[in-house]
Amino acid sequence: MRLTILGGGGFRVPLVYGALLGDHAEGRVTRVVLHDVDAGRLRAIARVLAEQAAGVPDAPEVTTTTDLDEALRGADFVFSAIRVGGLEGRAHDERVALAEGVLGQETVGAGGIAYGLRTVPVAVDIARRVARLAPDAWVINFTNPAGLVTEAMSRHLGDRVIGICDSPVGLGRRIARVLGARPREAWIDYVGLNHLGWVRGLRVAGRDRLPGLLADLALLGSFEEGRLFGADWLRSLGAIPNEYLHYYYFNREAVDSYRRAGRTRGAFLHDQQARFYAGTDDPGVSALALWDRTRAEREATYMSENREAAGAGEREADDLSGGYEKVALALMRAVARDERTTLILNVRNRGTLSPLDTDAVIEVPCLVDAGGAHPVSVDPLPDHATGLVCAVKAVEREVLAAARSGSRATAVKAFALHPLVDSVNVARRLVDGYTAVHPGLAYLA
């Protein structure tokens, strides 16, 4: 089976390849094609993968290319993890927003909108090429903003594009762990949009264990979301929010913490990864060891500004191991081998959440088999969550419309309607600021 990874020079590609190395079952991936627009990054990651594969019998063959069509032809699965504008673009997204006093996070608020406006045209082009060159391939999308990009691609690929994210998996794992349950044996009642969802229940052997967690102050303070949001707020919600909802519920504190930081998260990652990629040029250095050290630092500093604002302390060691590569591999196995499983994925709504139309991409538990991912029926969200989901989905639709039409006015509307942008005038200045620093937004007229 052939897997093509778009963004194949990306830093997290070794996580995916490492997961593939542990898969020895029939029908496994035997060839990996890495595609990237940066040949230097491809060489660096190929070095890491070669060290990972050393001594592993029947390790998947790895080839690299900068030719997108060549990468797509013959693919059984396409894993899309591109970053349009690179980490320099992310740093611009953060700084332009913070200069206006609003959030510039990669996927949330003004930063997420700017990233989406840059990324959607490229993602749509990829989807069209897949439909033409590899019509039987399944596309697994991890390109952020994952829900928005998956919805853009689904208009050309239908249900053959599925979005993944490790945030719901990590949240469910942490809740199960503090309750003394095995994550694989727990049913996680989770629903929302990507980076905008809530765990409303966690069932083990048919019993919902979440009420017991919400009633126990010591347990609530023992895991990341409990410290991040605080026990009183979690009890008020009657649910455990995805960590990214901290940007909504504690927006002032998050923005203040970001503004006081010496540099933005994007700038930190830009500098950190520049050192990593430059270091792999030294033939006397182990590229894999260098990657391991860099990854450990990256994971330990994830959402550090939010934890600082909440006084939540450092991340737990068990939360530093990532997880999206496991979701990706489980998804591929389920589809390719008809190994039925349940995963939280980004898929078309199909009536699952009644306030949204059938084509709206949501994040929800799905039954996965050879026919793809099928969303599971869920209970309605409470009014406060429904309002937030509908508002953010409306913004996503304006982003898609602006990307399709090239309308600057529609882009301004997308920013202005977002709950974390508090002024139409700010929205206009954001569009001015982003178009001034991003060549990829030159299409907005």
Side-chain angles (χ1 to χ4, degrees), residues 87-116 144-145 167 171 194-198 220-221 223-237 240-272 297-316 319 384-385 387-388 391-392 395 414-434 436-437:
L87 286 170
E88 183 178 7
R90 175 174 175 176
H92 284 316
D93 291 343
E94 294 163 339
R95 285 192 289 262
V96 169
L98 289 174
E100 291 294 339
V102 297
L103 186 70
Q105 203 275 335
E106 178 187 23
T107 63
V108 178
I113 294 171
Y115 191 23
N144 277 324
S167 288
L171 174 56
N194 180 238
H195 290 180
L196 192 80
W198 298 260
L220 281 176
F223 70 108
E224 185 166 321
E225 283 75 14
R227 296 189 295 269
L228 193 62
F229 293 101
D232 288 344
W233 183 237
L234 295 183
R235 286 173 165 177
S236 295
L237 292 173
I240 310 295
N242 183 296
E243 59 199 345
Y244 283 84
L245 274 153
H246 189 266
Y247 294 115
Y248 292 88
Y249 294 146
F250 298 91
N251 179 252
R252 289 191 181 193
E253 293 83 355
V255 171
D256 181 61
S257 182
Y258 271 71
R259 296 182 81 172
R260 288 188 287 105
R263 53 181 169 169
T264 67
R265 177 67 173 172
F268 165 77
L269 291 175
H270 177 272
D271 295 345
Q272 183 205 48
E297 181 186 28
R298 172 195 174 110
E299 295 296 335
T301 56
Y302 175 70
M303 292 189 78
S304 59
E305 292 85 1
N306 300 71
R307 294 198 307 277
E308 177 191 342
E314 300 300 316
R315 298 187 77 191
E316 299 288 343
D319 294 328
H384 69 86
L388 193 51
V392 172
V395 170
F415 283 101
L417 292 179
H418 198 282
L420 301 184
V421 177
D422 56 0
S423 165
V424 175
N425 288 330
V426 169
R428 290 177 178 138
R429 292 197 297 270
L430 287 168
V431 172
D432 290 342
Y434 285 131
V437 297

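We number each residue from 1, following the sequence as shown.
Separating the CG atom in D271 from the CZ atom in R263 is a distance of 5.0 Å, to the nearest 0.5 Å. The CG atom of L103 sits 10.5 Å away from the CD1 atom of I113 when rounded to the nearest 0.5 Å. Between atom CG of residue L228 and atom CD1 of residue I240 there is a gap of 11.0 Å, rounded to the nearest 0.5 Å. Distance check, rounded to the nearest 0.5 Å: CZ of F229 to CG of L220 gives 12.5 Å. Separation of atoms CD (E243) and CD (E225) is listed at 5.5 Å; rounding is to 0.5 Å. With rounding to the nearest 0.5 angstrom, the CG atom of N251 is 5.0 Å from the CG atom of L420.
Note: H246 and F250 have parallel aromatic rings, judged against thresholds of 30 and 60 degrees for the angle between ring planes. Between W233 and Y249, the two ring planes are perpendicular [angle over 60°; tilted spans 30° to 60°]. Using the six-membered ring where Trp is involved, H384 and W198 have ring planes that are perpendicular, over 60° apart on the 30 and 60° scheme.
Counting heavy atoms from C-beta outward, D93 and E106 have side chains that stay 4.5 Å or more apart. Inter-residue side-chain proximity for S167 and H195 is flagged as met; some heavy-atom pair is nearer than 4.5 Å. Two residues are said to be in side-chain contact when any heavy atoms from C-beta on lie closer than 4.5 Å; Y247 and T107 fail this criterion. Residues F415 and V102 fail the side-chain proximity criterion, which asks for heavy atoms closer than 4.5 Å. The shortest distance between side-chain heavy atoms of Y244 and L196 does not fall below 4.5 Å.
A distance-only check finds no donor-acceptor pair linking the side chain of S257 to the backbone of E253 [under 3.5 Å].
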Inset, instruction - Starting from the C-alpha separation in whole Å, work towards a yes-or-no answer on side chain to side chain contact (heavy atoms under 4.5 Å, CB included) for L98 and R95. - result: CA-CA 5 Å; L98 289 174; R95 285 192 289 262; 5.8 Å; no
Inset, instruction - Go through the steps for N144 and N194 under the test side chain to side chain contact (heavy atoms under 4.5 Å, CB included), then give the verdict. - result: CA-CA 9 Å; N144 277 324; N194 180 238; 4.2 Å; yes
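Between D256 and R260 there is a salt bridge, since a side-chain N of the basic residue sits under 4.0 Å from a carboxylate O of the acidic one.
In this model, no donor atom of one side chain and acceptor atom of the other lie less than 3.5 Å apart for Y115 and Y434. Inspection of the Q105 and E94 side chains reveals no N or O donor paired with an N or O acceptor under 3.5 Å.
Pairing each heavy atom of V255 with each of G101, the nearest pair is CG1-O, 3.8 Å. Across A427 and A416, no two heavy atoms sit closer than the pair CB-N, 3.5 Å. Of all heavy-atom pairs between P419 and L388, the closest is CG-CD1, 4.1 Å. The shortest non-hydrogen separation linking E88 to H270 is N-CD2, 3.7 Å. Residues V426 and V421 share a closest heavy-atom pair of CG1-CG1, 4.1 Å. Taking all atoms of both residues into account, the shortest heavy-atom contact from P241 to L234 is CD-CD2, 3.3 Å.
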